[in-house]
Structure formats: structure tokens, C-alpha cells
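Everything on this sheet refers to the single structure shown next.
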Protein chains: 2
Amino acid sequence: MRISELSRRSGVPNATIKYYLREGLLPPGRATAATQAEYDETHLRRLRLIRALTGVRGLSVAAAKQVLDAMAEHRGDTHELLGIAFGIRPAGTGAPGTADDDRSAEHPEAAALVDAMGWSVSAGNPARQIIDRTLQTLRSLDIEYDWQALLPYAELAERTARHDLDRIETITDPLEKAEHAVLLTFLLEPALMALRRLAQENESTARHGGDGPASTARPAPPEGHGP
Amino acid sequence: MRISELSRRSGVPNATIKYYLREGLLPPGRATAATQAEYDETHLRRLRLIRALTGVRGLSVAAAKQVLDAMAEHRGDTHELLGIAFGIRPAGTGAPGTADDDRSAEHPEAAALVDAMGWSVSAGNPARQIIDRTLQTLRSLDIEYDWQALLPYAELAERTARHDLDRIETITDPLEKAEHAVLLTFLLEPALMALRRLAQENESTARHGGDGPASTARPAPPEGHGP
DNA sequence: ACGATTGGTGAGTGGCACTATCCAGACTAG
DNA sequence: CTAGTCTGGATAGTGCCACTCACCAATCGT
């Protein structure tokens, strides 16, 4: 398969494929001549993976590369692969001014939460930082919130994780298993948040507004900033 | 309070505050003279809100403006406010090439899920689109996944939403209530995903790897693309 | 033989979130 | 009253990202 067919079959423009090749997201094709290379189904699949991670999930191209590289390098090692994948941060997350990149910084609230839940997680997991920073931010906005308020959510997260792992364990092939683990972890995130919003609207309607919800009569559809 | 004090107290650079003023994220101060204006605590608070939404949550400046505007316009109308806020999409979410902006497009899988859960949510809720697109993407990657696989998550989302609403209902002042509703919905999202990851690592360790988790011995801390 | 296509490269584009510079007017210390 | 600093407002510039375009010699299809 040559580049044009790859483009046609994936829906990704020719020039963009070349860009991904340059950035190392897509491995080069098997060169058959000085100006000719052959691509195969693995390239097509990888292209779809890239678009899924950057499109649905909103990862930056660089972050997607890291996930993909980790997947390629640690095929079959589900546990370690997930550990690596957790280290990748989505695009635009994290205040640019706040240089709090120290991995081993103390995150006391996350630690207390982890302890209270009886969880066994590494001190380096960046999720700890996210939790502490979120709590700090909420309190800076005069909202009373501490790690104990997160306990019910942690319990629900635990069940969510059990579902995740249950599903992954149905896969026997270790290579496939590792890949699915990462994809389900990452790609499901927007969907889970979407579910929460649907449930919130439902709950809000049930409790408060018996009349029609606002969303149907919304004036104009606002945009994030995308095309 | 003049602009410099606003800057000092918020930690946001002078020039950035001017930028926010230009973009309409921050309302102009009360002009006392041709080249002098007075800012107050509400400006400071709004500035903190902006940084929370763009920093912790990763919203684009334009999206943050929409949330803030909705909050200012619908103070006290929690239900409608949430409906509006749901329409805002985070930065970088959504494939740039895929022009699927039609609000009322059919999202059959989300509809089936909503139906199965017995939820009452508007057809215009953009969460529907996210769900359908996620499922389509997963299947395009040869992962068997349909709305029924999301049912357990939907149930957990329902409980999450109940926690959310429970908390919000403890607030009596309707103005404060609406604001907290939006903030907890938005700012908590990264933390909830972080909890899921912590729970996943814990569950993965418990089931699979009794040895040390990968995250502690990770070679280099990868970056999204941030600071 | 020859026009179309290919892989590769370098340069350009547009959007975003700032950041820097400038300016006339205003306040402040001496 | 003056010198120096600060202010709000405007314009232009910066850096980064994710592409996108243009070009080239080599190669392919006919």
C-alpha cells in the first residue's frame, strides 16, 4: 500500500500522514526504492489509533506518540504499560505558569485518600498531583472541599476500575490485552464524563425542574474553540 | 484596587489581565478617569475562576468565557445553568476534520442507553454525541463495544450524579448554589479521572503484579506539551 | 517515452494564549 | 509645580502546535 491509499483508507490527508511520519508517530514504510515505500495494515491501524487518541481523547500529538511508543515497547506487559501511560498528560491540562513538575512532590491529600481507601499505588502516580491541585483550587474559590469529600467518588472509582479490569481479563492474548487496557483507559474517559453529565441532567430534572430542561431551548450551540 | 494590585493578589501577570479584559472574560473596572479604573473583589474572584477553568480543567479561554457568562446570566437558575454549561466543549476535544457539529444529529447508542437507564435527558445534550463517537471509535479499532457495555458505568455515573446533587442541595443561597454546581461539575472531572487511574493501578497490582508497580521506576517523566 | 505519483524535506499557515511596547493621561512625593 | 511612576487602552509581536503547501528527483503505469 502506498501513501495515497493509506490516506484514502484512513481519511487522513496525505500531508498529515507525512507529518506524522516526520514526528515519529507513524513508523516509516518498507522502502522499495529511493522514492517509494510500502505501507501495510499495521500502519493503517496505527493511524486510526493516532486519530482516536488525538481526536476523541484530545491528547496532543506528542502525548499520543508516547502512548503509542509505550504500547509498542511493552506489548504484553499490561501492568507496567498502564503505569507508563498514566504518566502522560492530556493537552492543555495544567496551569502553564505553575511549575509543579516534581514527580515526587508531596501530595498529602491524595496520600490520605489512598490510605483511607487502603489502596496500593505508587507515590509517583501523577493522579495524586491532579487530586491535590484540584482540591487546592476548589478551596481557593471558597468551596469547602477536602479529600474526605472525595471518598464516595473514590469508592465509585474503585468499582469502575473493577469493571475495567474485568473486561480486560476476558482477553487471553497478552498483546491484545495490553493494547485494550490502554485504549479503554484513555478513550473511555470522555465517555464516562459524558455519562456523568447525562446522569446529572436526569437527576437535576428529577429533583428540581419538572418542566422542560434548558438544553432543548438553548439559544446558540457554543464551541470549545475547535473547528 | 488598580490593575497592579489585582495582578499581585491573583498571581496573574499584568499583561494577561489586560488580555482577559480585551477578550471580555473579565468585566471592565469602574472607570474613575480616562486612564484609571477601579477593580474590586468580584474581579479578583472572577480572575481566580478563569485560572481554575483554564488551568485545572483545561478549558480554552473562549470556553471559560462561555461558562462564566452563563454563570453571570443565570445566577440562581441551577438547572438551566447546568444545561448551558454542558454545551461547552473542552479544548482540543473533537476531531478537527470531522464536521459533526449538528446538535440534533441522531445518536442512537446514547439514546438506547438513556432509554435503558430510564433517564430523562434532552435530545440536545452534547454528551450523547461524545458517547456515540467514542463507541464508534472503539469499534473502528476492532474493540467490541456497544452501549450495553456502558451500562455498569452508567449506573455508577448515576450514583456519582446523586452525590453531586446531594452536595449542591446543602447550599441554601441560590446564587451560590448555581455557581457551585458548575464548578463541581467542571473542576471535579480531572480529579474523578485521576481517582479512576489510582483505582486502576491498585486493582491491577492486586490482581496481576504483586511486585512493584511500573510508575516508580519509570525512566523519564513524559510531558503532554505543557509548561 | 512521458505524464502522473511517490517519499522526503523545508518552509508557510492559522489559531491560541499570552507578552511587549507604546502612549497620553493621572496620581504621588518632594 | 515638577519629576517620576503608574494606568488603561491599543497594536504588534512571540512561541507553540497541528497541520498544509510547494518543490524535487526518482519511479511507476501505460
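Numbers restart at 1 for each chain; the letters A, B, ... are given by sequence-line order, proteins then strands. Predicted model only: the values in this text are computed from it and were never measured.
Between D:dT20, C:dG8, C:dA26, one nucleotide has an atom nearer to the side chain of B:A33 than all others, and that is C:dA26. The side chain of B:I3 lies closest to D:dG8 when the candidates are D:dG8, D:dT27, D:dT20. Taking every side-chain heavy atom of A:R2 into account, C:dT6 is the closest of C:dT6, C:dA17, D:dT7. The side chain of B:S4 lies closest to D:dC6, out of C:dC18, D:dT27, D:dC6. Among the nucleotides C:dT19, D:dT20, D:dG9, the one closest to any side-chain atom of B:Y39 is D:dG9. In this structure, of D:dT11, C:dG8, C:dC27, it is D:dT11 that holds the atom nearest to the side chain of B:R22.
For A:K18 and D:dC21, the NZ to P distance is 12 Å, given to the nearest whole Å. Rounded to whole Å, the distance from CD on A:Q36 to P on C:dT5 is 12 Å. Going from atom CE of A:M1 over to atom P of C:dT6 covers 13 Å, rounded to whole Å. Atom P of nucleotide C:dC18 and atom CG of B:L26 are separated by 13 Å, given to the nearest angstrom. Residue B:Y19 contributes atom OH, which lies 18 Å from atom C1' of C:dT21 at whole-angstrom precision. A straight line from CD of B:E23 to P of D:dG9 spans 15 Å, rounded to a whole angstrom. Taking atom NZ of A:K65 as the reference point, atom P of D:dC17 lies 14 Å away to the nearest angstrom.
Between A:Y20 and D:dA18, a side-chain N or O to OP1/OP2 separation shorter than 4.0 Å is absent. Here A:T35 does not reach the OP1 or OP2 of C:dG8: none of its side-chain N or O atoms lies under 4.0 Å away. Contact check, B:T16 against C:dT19: a side-chain N or O comes under 4.0 Å of OP1 or OP2.
Looking only at distances, no side-chain donor or acceptor of A:H163 sits under 3.5 Å from a matching main-chain atom of A:T160. Side-chain atoms of B:R128 come within 3.5 Å of backbone N or O of B:V121 as a donor-acceptor pair. A donor-acceptor pair is defined here as one N or O able to donate and one able to accept, closer than 3.5 Å; such a pair exists between the side chain of A:H43 and the backbone of A:D40.
Geometrically, B:R45 does not engage B:Y39 in a cation-pi contact, judged by NZ or CZ lying under 6.0 Å from the ring centre and within 45° of the ring axis.
Side chains of A:R46 and A:M71 form no contact here, defined as non-hydrogen atoms less than 4.5 Å apart.
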